[in-house]
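What follows is a short report on a single structure.
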Amino acid sequence: MSTLLATITAVGLVGALAPAVQAQAAVPTSDTPDLGSNVKVYSPSTTTSTIQADVDAAFDSQLRSSGAQFGSQRYAFLFKPGSYGRLWANLGFYTSVAGLGKNPDDVTITGAINVDSGWNAGDEKNATQNFWRSAENLSVVPEGGTDRWAVSQAAPMRRVHVKGNLTMGPSNQDGGQGYSSGGYIADSKVDGTVTSGSQQQWYTRNSSLGSWQGGNWNMVFSGVQGAPANDFSKSWTTLSTTPVTREKPYLYIDSSNNYHVFVPSLRTNSTGVTWPNTPGTDIPMRNFYVAHPGDSATTINSALAQGLNLFFTPGTYQLDAALNVTRPDTVVTGIGFPTLVPTKGNAVLTSSDVSGVNVSNLVVDAGTTNSAQLVRLGTGGSHVDHASNPQSIQDVFFRVGSSIQGKASTTLQVNADDTLVDHIWAWRADHGGAATGWNVNTGATGVEVNGDDVLATGLFVEHYQRYEVLWNGNRGRTIFFQNEMPYDVPDNASWQSPTGAGYAAYKVASGVSNHEIWGGGVYCFFNTNPSVHADRAFETPTGAGIRAHGLVTVSLGDTGTISSVINGVGGAVPTPAGNTAPNRLASYN
């Protein structure tokens with residue numbers, strides 16, 4: 001029964017209004033929805049052997065499989081409140097593990113939520129391709145005292161309590177192997193020591209740590225209790241608070257086995273975790289349309305027009321039109337890496353310039369017909385103040401090239417003022433299940449920001465062919481930026497920006513008077529033509545309102561050149577020392 005119809009029934013008005021309401025309520029909803037065959041839900045009464053067998057079957061099907069990285073498999077393992085016996089959960093591609101309690105400590109797993117190297121076909125020696133997996137809203141008592149989370153991009157850990165230590169390097173990280181290239185943690189607590197190991201970069205936000213060890217190129221902390229003191233010579237960029245946060249919505253189940261989505265409240269200048277007793281808004285599942293693969297854009301848009309929120313179950317969704325979000329405070333989320341694909345050069349999702357729209361937990365693949373944008377938030381040219389209730393996009397991962405030779409001019413366009421961009425990975429693929437190449441999976445820009453007062457916390461953007469981030473709005477802020485320039489540039493003649501050789505990875509437009517970034521890393525690996533060079537990694541206007549802190553450049557394997565860090569300031573890489581040595585600039589302006 002729809003929310004509106006249920007309300008009218010409760011107050012006894014169904015008689016005269018029922019025909020019109022029932023016509024509007026054609027899309028059914030439920031507090032106990034069908035989450036699909038790719039979702040397993042466990043209770044403490046489920047035998048540990050059953051859970052272990054399910055998790056092993058999912059992981060073993062991917063073990064050294066050449067097709068797993070860009071496959072269609074999707075897995076979500078959900079745990080009702082309670083304690084669970086010894087479980088060793090290896091997480092592969094498109095695998096999510098999450099608790100269904102109101103708080104992380106409502107679900108306790110003893111054993112491991114484990115990500116390591118050695119299992120990915122063609123990449124057994126390191127963990128740099130450990131993408132698309134997640135752990136959320138649970139606690140883990142690690143076997144042996146230390147849990148291992150050797151992930152790279154698109155692998156968030158949120159609302160997790162590690163009752164011990166956490167290491168983020170793979171087990172083979174010594175001896176010059178075992179590289180890892182992540183990652184992101186938020187709203188989590190680690191009682192012991194976090195060891196970053198071979199991680200090249202990492203962003204930790206609004207968490208509590210016993211202590212932190214390690215740092216290679218770019219380790220960023222904001223609002224983290226127990227973070228190391230700011231010291232960029234050790235790769236650490238530390239902010240005592242995060243200016244604005246709204247933690248990601250999460251699924252939970254009540255004592256009557258009804259599902260809800262909880263949307264945490266906005267916080268400003270915050271530190272530490274939100275739990276227990278996270279403030280926010282509870283939305284019963286009956287207020288969501290629960291989508292399944294095969295649902296059309298027409299069906300899903302009908303649900304939005306009905307005033308429902310959207311919840312995507314695992315799988316791939318072929319969409320011939322954009323999903324249009326026009327209602328304030330609409331929540332669009334899902335589990336198990338649901339993947340949206342445009343089929344007619346369309347966007348997959350757009351929002352009007354309204355407050356509070358919250359988009360999370362999606363993968364977006366470009367289609368074979370070029371899309372001008374894949375996701376567009378807000379209306380171009382409109383500037384409405386949303387500071388008290390911003391739009392947000394969280395844990396959304398874009399791919400231009402995957403199992404599809406996709407094309408998109410811009411993957412994410414942010415027009416709405418005050419938007420929160422909290423952990424995205426926009427990736428023009430350097431490899432895929434389908435062939436990739438300079439003229440094959442084309443993409444100019446990963447993220448274009450036109451809104452004012454936009455804050456990005458955890459911005460991963462890689463391999464686009466022009467400005468990878470183009471920031472046109474004023475008073476923008478970024479905390480943590482990770483980038484690799486396109487590998488496959490054929491020559492500098494093919495890659496010339498208006499200001500010189502190559503395109504800066506992070507471009508702030510000339511009309512912007514106020515912008516600030518903390519913890520930005522840009523790397524090059526021009527393996528198609530090592531003679532290619534870029535004049536600069538970051539390009540901004542000059543002036544007192546433009547500030548940067550903790551910038552680093554690296555030439556991976558000393559393959560290609562970045563001539564300066566920002567606007568001609570800062571040295572070149574490769575450095576005279578060579579051997580992939582980073583070049584650091586602690587501050588600019």
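Quantities reported herein were computed from a predicted structural model and do not represent experimental measurements.
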Is the closest side-chain donor-acceptor distance between S198 and S180 under 3.5 Å?
-> yes
Taking the side chain from Q199 and the backbone from V151, do they hold a donor-acceptor pair closer than 3.5 Å?
-> yes
Polar side chain donor-acceptor pair, Y506 to T478, under 3.5 angstrom | yes
Within-4.5 Å side-chain heavy-atom neighbours: S96 and E136 = no
Which word best sums up how the rings of Y250 and F262 line up, parallel for under 30°, tilted for 30 to 60°, or perpendicular for over 60°?
-> tilted
If you measure only the distance, is there a donor-acceptor pair under 3.5 Å linking the side chains of N90 and N114?
-> yes
Would you confirm whether T48, through its side chain, and R86, through its main-chain N or O, come within 3.5 Å as a donor-acceptor pair?
-> no
Calculate, to the nearest 0.5 Å, the distance between atoms CG and CD belonging to L87 and Q52 respectively.
-> 5.0 Å
Can you tell me how far CZ of R205 sits from CG of L239, rounded to the nearest 0.5 angstrom?
-> 12.5 Å
When you measure from the side chain of H260 to the backbone N and O of M285, does any donor-acceptor pair fall under 3.5 Å?
-> no
Y94 ring centre to R74 NZ or CZ under 6.0 Å, with the angle to the axis within 45°?
-> yes
Is a side-chain donor or acceptor of D187 paired with a backbone partner of T274 at a separation under 3.5 angstrom?
-> yes
Find out whether V331 and I283 are in side-chain contact, i.e. whether some heavy atom of one side chain is under 4.5 Å from a heavy atom of the other.
-> yes
Evaluate the criterion side-chain contact (heavy atoms from CB on, under 4.5 Å) for residue pair V97 and L91; output intermediate values, then yes/no.
-> CA-CA 8 Å; V97 174; L91 302 192; 3.4 Å; yes
Assess whether atom NZ of K125 is packed by more than 12 heavy atoms of other residues, nucleotides or ligands within 6.0 Å.
-> no
Does the distance from a Lys or Arg side-chain N to an Asp or Glu carboxylate O, for D105 and K189, drop under 4.0 Å?
-> no
In terms of the angle between their ring planes, are H431 and F70 parallel, tilted or perpendicular, with boundaries placed at 30° and 60°?
-> perpendicular
N206 and S270 side chains, donor-acceptor separation under 3.5 Å = yes
Hey, is the main chain of V461 close enough, under 3.5 Å, to the side chain of N483 for a donor-acceptor pair?
-> yes
Flag the pair K80 / N257 as yes when at least one side-chain heavy-atom distance between them is below 4.5 Å, and no otherwise.
-> yes
So, S139 versus T108: side-chain donor-acceptor pair below 3.5 Å or not?
-> yes
Do you see a donor-acceptor pair shorter than 3.5 Å between the side chains of S181 and Y523?
-> no
When the ring planes of F460 and H423 are compared, do they come out parallel, tilted or perpendicular, using 30° and 60° as the limits?
-> perpendicular
For the pair T580 (side chain) and G557 (backbone), establish whether a donor and an acceptor sit closer than 3.5 Å, ignoring hydrogens and angles.
-> yes
Do Y84 and Y42 pass the ring-ring contact (aromatic ring centres under 6.0 Å, His included) test, and can you show the C-alpha distance, the side-chain angles, and the key distance before you say yes or no?
-> CA-CA 10 Å; Y84 293 81; Y42 305 112; 7.6 Å; no
Calculate, to the nearest 0.5 Å, the distance between atoms CZ and CG belonging to F525 and D558 respectively.
-> 10.5 Å
Are side-chain N/O atoms of T278 and R159 paired as donor and acceptor at under 3.5 Å?
-> yes
Indicate yes or no: does R158 engage D422 in a salt bridge with an N to O separation below 4.0 Å.
-> yes
CE on M168 to CD1 on I185, rounded to 0.5 Å | 5.0 Å
Would N441 and T436 count as having a side-chain donor-acceptor pair, cut-off 3.5 Å?
-> no
Trace of the side-chain contact (heavy atoms from CB on, under 4.5 Å) decision for T167 with T193 | CA-CA 8 Å; T167 183; T193 298; over 6 Å; no
Salt bridge K163-D191, side-chain N to carboxylate O under 4.0 Å | no
Taking all non-hydrogen atoms of both residues into account, name the closest pair between I393 and V396 and its distance.
-> CG1-CG2, 3.6 Å
Is there side-chain contact between W212 and S196, with heavy atoms separated by less than 4.5 Å?
-> yes
Check step by step if side-chain contact (heavy atoms from CB on, under 4.5 Å) holds for V421 and T457.
-> CA-CA 6 Å; V421 181; T457 52; over 6 Å; no
Taking the six-membered ring of F93 (Phe, Tyr or Trp), confirm whether the NZ or CZ of R133 is under 6.0 Å from its centre and within 45° of its axis.
-> yes
Could you check if a side-chain atom of E484 sits within less than 4.5 angstrom of a side-chain atom of L556, using non-hydrogen atoms only?
-> yes
Gap separating the OG1 atom of T411 from the CZ atom of R399, nearest 0.5 angstrom = 13.0 Å
Closest non-hydrogen contact found for P170 with S117 is CB-OG, 3.4 Å
So, Q200 side chain and W217 main chain: donor-acceptor pair closer than 3.5 Å or not?
-> no
Specify whether F288 and F311 have parallel, tilted or perpendicular ring planes, treating 30° as the upper limit for parallel and 60° as the lower limit for perpendicular.
-> perpendicular
With no hydrogens and no angle check, do the side chains of T242 and S222 hold a donor and an acceptor under 3.5 Å apart?
-> yes
Short side-chain to backbone donor-acceptor contact, Y317 and A291, under 3.5 Å | yes
In terms of heavy-atom contacts, N218 and G519 come closest through ND2-O, 3.3 Å
Indicate yes or no: at least one non-hydrogen side-chain atom of K40 is less than 4.5 angstrom from one of Y75.
-> no
Do you know the tightest heavy-atom contact between L209 and V194?
-> CD2-CG2, 3.9 Å
For W119 and N130, what are the C-alpha separation, side-chain angles and deciding distance, and is it a side-chain contact (heavy atoms from CB on, under 4.5 Å)?
-> CA-CA 10 Å; W119 62 274; N130 281 351; 3.4 Å; yes
Between E468 (side chain) and H463 (backbone), is there a donor-acceptor pair under 3.5 Å?
-> yes
Does a donor on one side chain sit under 3.5 Å from an acceptor on the other, for S152 and T128?
-> no
Rounded to the nearest 0.5 Å, the CG atom of L377 sits from the OG atom of S392 at a distance of 9.0 Å
If you draw a 6.0 Å radius around CZ in F131, do more than 12 non-hydrogen atoms from other residues or ligands fall strictly inside?
-> yes
Closest contact, heavy atoms only, F77 versus T95 = CE1-CG2, 3.9 Å
Side chains of E462 and W425: donor-acceptor distance under 3.5 Å anywhere?
-> yes
Is there a donor in the side chain of D116 and an acceptor in the side chain of S171, or the other way round, less than 3.5 Å apart?
-> yes
Ring geometry between Y203 and F480 (parallel below 30°, tilted from 30 to 60°, perpendicular above 60°) = parallel
Does some side-chain heavy atom of E516 sit less than 4.5 Å from a side-chain heavy atom of H549?
-> yes
Quick one: are E247 and W275 in side-chain contact, heavy atoms under 4.5 Å?
-> no
Please report the closest heavy-atom contact between S207 and S188, naming both atoms and the distance.
-> CB-O, 2.9 Å
Y252-D106 side chain donor-acceptor pair, cut-off 3.5 Å = no
Quick one: does R64's side chain have a donor or acceptor within less than 3.5 Å of a partner on G118's backbone?
-> yes
